[in-house]
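Data block below; observations after.
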Amino acid sequence: MNSYEEALNWIHSLLKFGIKPGLKRVEWLLKKTGNPETELSFIHIAGTNGKGSSVEYLRSIFNEAGFSVGTFTSPYLITFNERVSINGSPIKDEELLQYSRALKPLVEELTATPLGSPTEFEVITVISLLYFAEKKPDIVLFETGLGGLYDSTNVITPILSLITNIGYDHMGILGETIEEIAFQKAGIIKANVPVISTVEQEAAIEVIERKAVEMKSDSYFLKRDFDVLHQESTDNGEKFTYIGQENVKEEYVISMKGTHQIKNAGLAIAAIHHLRKSGRFTFSTSDIKNGLHDANWAGRFEKVSQSPDIIIDGAHNLQGVHALKQTLLNHYRSKKVYLLFAALHDKDYGHMMKELEEIVYEACFTTFDFPRAASAEMLLAESPFPNSSANSSWTEALDELRGRLNKEDVLIITGSLYFISEVRKTFKK
């Protein structure tokens, strides 16, 4: 293995092993590499939607306060290296090559055991831990890949666990009911480690609270222990009030649009308040305000062009599309909305489209180069929109739609994070 490209190809070659729930393979690799995870302080984040935005709010606040922050997130939008970053800067190509070289013989050794080959996600999880252990950031924000209980990130013991909202996604793996999905997410709760959550379904709250009691962990929930009140949507973002414990009441402005984002911001504020109260970290009020305002997570209602406005959004399940719809109504209610949509074939794209039916004037369905991408024709067959078309070339579809837009119209491009990753590259060029 002599180049970054070879390292990346090797990591991607493990994708064929798909999703293999369980921690044994990661634990085996970590033991062989000296258990780097024991040298770090973590905040562990699980949830159906909102993990990436919550991580970004936290990273921005920590950075504003002068702390160094490691982040492990997925998927990526521009480069694979983004998944492993410090202070927003991705791991360098030569560093990824270095850790891949070190791990390859161990992966081959592991593959020969009854445990079998690790997956791509398991290997990049271990690479991130080796990297962070060497760089020693003040805090590592560690995002689960899928679920929590059997997710490969669950090998860590954090100082705080966060669970964002819970919705119906990856049901073939996580379960068919909210309770089953919540049980998987609650699997990240460790003994005596507090958990903070913005989950709102009573059934999910009960599952998380029961797990917290079992683990002797304090639990804090949105609307019970803290709350957020939306004040106003503006061209520049959202204004809201945070209500915390001991009658704390604070006004904040965030640049990321959408009322769902104030819940993600509220989760970050609650986490920061808890850490400050515990004496582990020091934050000023301006650190929190400036950090929240400056936070910007690519691909989340991101304006990539204007006059007319073109928005890319990573909504890839029903809950995400519902949040997207509300944001469009808050910011573009009087505009004519065009839609360019692509999705993975294992997603509930029919209901995702139905959620947008009342606000979309015209829709075009397309596809992209990804193994699980649905064809444009498959999507068109489920279309609830009277004005619908399909074009298997998303670049052609984008050009055609742009040609029909007036300056006052808006084009929303959504359906899959993997899809908008491809589209975003075009606009950034």
Side-chain angles (χ1 to χ4, degrees), residues 4 7-8 11 26 29-30 33-46 51-103 120-145 151-162 188 256 264 267-268 271-272 275 280-283 287-288 290-300 417 421 428:
Y4 167 76
L8 205 53
I11 293 169
V26 174
L29 288 168
L30 290 173
T33 52
N35 290 107
E37 76 283 5
T38 60
E39 302 171 30
L40 298 158
S41 293
F42 295 94
I43 296 176
H44 204 182
I45 302 104
K51 296 189 296 293
S53 298
S54 299
V55 165
E56 172 60 11
Y57 285 126
L58 284 166
R59 181 205 63 76
S60 189
I61 294 167
F62 271 105
N63 281 166
E64 186 70 25
F67 298 108
S68 60
V69 187
T71 53
F72 180 64
T73 56
S74 60
Y76 60 93
L77 273 185
I78 303 299
T79 67
F80 182 84
N81 302 30
E82 290 169 29
R83 299 176 73 165
V84 183
S85 298
I86 291 181
N87 300 332
S89 298
I91 183 172
K92 293 176 182 173
D93 290 358
E94 56 269 26
E95 290 170 322
L96 191 73
L97 172 60
Q98 169 198 330
Y99 292 113
S100 298
R101 275 179 178 156
L103 273 185
E120 176 186 44
F121 188 75
E122 289 171 340
V123 165
I124 194 65
T125 298
V126 175
I127 286 174
S128 75
L129 292 169
L130 290 168
Y131 177 68
F132 294 140
E134 182 181 333
K135 299 296 183 182
K136 295 181 172 48
D138 296 308
I139 190 74
V140 176
L141 309 176
F142 222 52
E143 182 188 314
T144 61
D151 188 77
S152 66
T153 63
N154 208 24
V155 292
I156 65 168
T157 300
I159 59 172
L160 184 62
S161 302
L162 305 179
I188 69 167
M256 288 198 267
N264 298 328
L267 181 62
I272 292 295
L275 293 170
R280 285 181 179 270
F281 296 91
T282 303
F283 303 94
D287 291 335
I288 303 172
N290 294 339
L292 286 176
H293 182 267
D294 294 346
N296 184 36
W297 193 235
R300 273 59 172 189
L417 273 168
S421 171
K428 289 304 168 186

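- What you find for I91 and L96 is that their closest heavy atoms are CD1-N, 3.9 Å.
- Within the 4.5 Å cutoff, side-chain heavy atoms of P137 are placed close to those of L40.
- Closest heavy-atom contact between V123 and L103: O-CD1, 4.0 Å.
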message: Set out, in order, the CA-CA distance, both residues' side-chain angles and the distance that settles side-chain contact (heavy atoms from CB on, under 4.5 Å) for N81 and Y4, then state yes or no.
response: CA-CA 11 Å; N81 302 30; Y4 167 76; 2.5 Å; yes
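- Of the inter-residue distances, the one linking L162 atom CG with I43 atom CD1 reads 6.0 Å to the nearest 0.5 angstrom.
- The minimum heavy-atom distance linking T282 with F67 is given by the pair O-CE1, 3.5 Å.
- R101 CZ: more than 12 foreign heavy atoms inside a 6.0 Å radius.
- To the nearest 0.5 Å, atoms CG (N35) and CG (L30) are separated by 6.0 Å.
- Note that the CD atom of E120 and the CG atom of L8 stand 8.0 Å from one another [nearest 0.5 Å].
- Side-chain contact between I156 and V140 is absent, with no heavy atoms from C-beta onward closer than 4.5 Å.
- At a threshold of 4.5 Å between non-hydrogen side-chain atoms, the residues L141 and V69 count as touching.
- In this structure, the side chains of T73 and E82 stay at 4.5 Å or more apart for every pair of heavy atoms.
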message: Applying side chain to side chain donor-acceptor pair (under 3.5 Å) to S152 and T125, what does each step give before you reach the verdict?
response: CA-CA 7 Å; S152 66; T125 298; 3.0 Å; yes
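- Between K51 and E56 there is no salt bridge, since no side-chain N of the basic residue sits under 4.0 Å from a carboxylate O of the acidic one.
- Considering OH of Y131 and CD of E95, their distance stands at 4.5 Å, rounded to 0.5 Å.
- Put simply, the side chain of Y99 does not reach to within 4.5 Å of the side chain of L129, judged on heavy atoms.
- Shown here is K92, whose NZ atom has no more than 12 heavy atoms of other residues, nucleotides or ligands within 6.0 Å.
- Aromatic pair F72/F121: centroids less than 6.0 angstrom apart.
- No side-chain heavy atom of T144 sits under 4.5 Å from any side-chain heavy atom of I45.
- For the residue pair A133 and P36, the shortest heavy atom distance occurs at CB-CB, 3.5 Å.
- Using the six-membered ring where Trp is involved, F80 and Y76 have ring planes that are perpendicular, over 60° apart on the 30 and 60° scheme.
- Note: H44 and F142 have tilted aromatic rings, judged against thresholds of 30 and 60 degrees for the angle between ring planes.
- For the residue pair G70 and I86, the shortest heavy atom distance occurs at CA-CG1, 4.1 Å.
- Judged purely by atom type and a 3.5 angstrom limit, S60 has no side-chain atom pairing as donor or acceptor with the backbone of Y57.
- Minimum interatomic distance between N87 and S68 (heavy atoms only, all atoms of both residues): OD1-CA, 3.3 Å.
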Test log, rule side-chain contact (heavy atoms from CB on, under 4.5 Å), inputs L58 and I139: CA-CA 10 Å; L58 284 166; I139 190 74; over 6 Å; no
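- Rounded to the nearest 0.5 angstrom, N154 CG and D151 CG are separated by 7.0 Å.
- Rounded to the nearest 0.5 Å, atoms OG1 (T157) and CD1 (I188) are 11.5 Å apart.
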- request: Using the side-chain contact (heavy atoms from CB on, under 4.5 Å) rule, take E64 and H293 through it: C-alpha gap first, then chi angles, then the decisive distance, then the call.
  value: CA-CA 11 Å; E64 186 70 25; H293 182 267; over 6 Å; no
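- Taking the side chain as every heavy atom from C-beta outward, E143 and R83 never approach each other to under 4.5 Å.
- The main-chain N or O of L417 is never found under 3.5 Å from a side-chain atom of S421 such that the two would form a donor-acceptor pair.
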